[in-house]
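Along the sequence shown, the residues carry numbers beginning at 1. Treat the numbers as computed from the prediction; the structure is a model and nothing was measured.
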Amino acid sequence: MTNHGDFILSSKIRTPLPAEIFHNGPWTHLATVKRGLREYVCILQESTQKIYIEEISVTGRFHSIDDDSLWNELLQFLFSKGIVGFVKDKEIIVGSDYDK
């Protein structure tokens, strides 16, 4: 597995995102992770309960992560911090100890 450096959990404030900006929601911010100058967010689409991990640019735009090993490392990091968890069929869910 590629080593993408040390991740830093910069925020795990669970907060709703503004509907006028984030369409197809409602969306909830679960976590922000930094590595060097790059920043990633973990967000939950409330209506589907699907979790997304995306890179966020300095302009505030979301970009999908094309590098599978980077995405997997981010997922494992978020899992190790209790932000996300796994259930049957490896579905990603909000971590069971997230609010503790």
Those residues that, when tested against E54, pass salt bridge (Lys or Arg N to Asp or Glu O under 4.0 Å) (two or more places apart): none

V33 side chain near I8 side chain, heavy-atom distance below 4.5 Å: no

Test item: D6 and R35 side chains (from C-beta on) under 4.5 Å apart, heavy atoms: no

Separation of L30 CG from L78 CG (nearest 0.5 Å): 9.0 Å

Close side-chain approach of R14 to K12, heavy-atom, < 4.5 Å: no

Side chain proximity check, L74 to L70, heavy atoms < 4.5 angstrom: yes

Co-membership, hydrophobic cluster, residues I21 and L17, 4.5 Å side-chain: yes

Connected via hydrophobic side-chain network under 4.5 Å: L75 and V41: no

Side chains of Y52 and F62 in contact at under 4.5 Å (non-hydrogen atoms): no

Heavy-atom closest contact (C42 atom, V84 atom, distance): SG-CG1, 4.0 Å

Where I13 and S11 come nearest, the two heavy atoms and their spacing: N-OG, 3.3 Å

Residue pair I51 / V94: nearest heavy atoms and the distance that separates them: CD1-N, 3.5 Å

Side chain to side chain, L44 and K50, heavy atoms closer than 4.5 Å: no

Atom pair CD/CZ of Q45 and F22 - distance to nearest 0.5 Å: 12.5 Å

Heavy-atom pair with the smallest gap, counting every atom of E46 and Q49: O-NE2, 2.8 Å

Audit row: Y40, F77, ring pair (Phe, Tyr, Trp, His ring centres under 6.0 Å) steps and yes/no: CA-CA 12 Å; Y40 308 92; F77 177 78; over 10 Å; no

Nearest atoms (heavy-atom pairs only) where S47 meets G25: OG-O, 3.9 Å

T15 side, atom OG1; I43 side, atom CD1 - distance, nearest 0.5 Å: 12.5 Å

Note, T32 side chain near E39 side chain (heavy atom, < 4.5 Å): yes

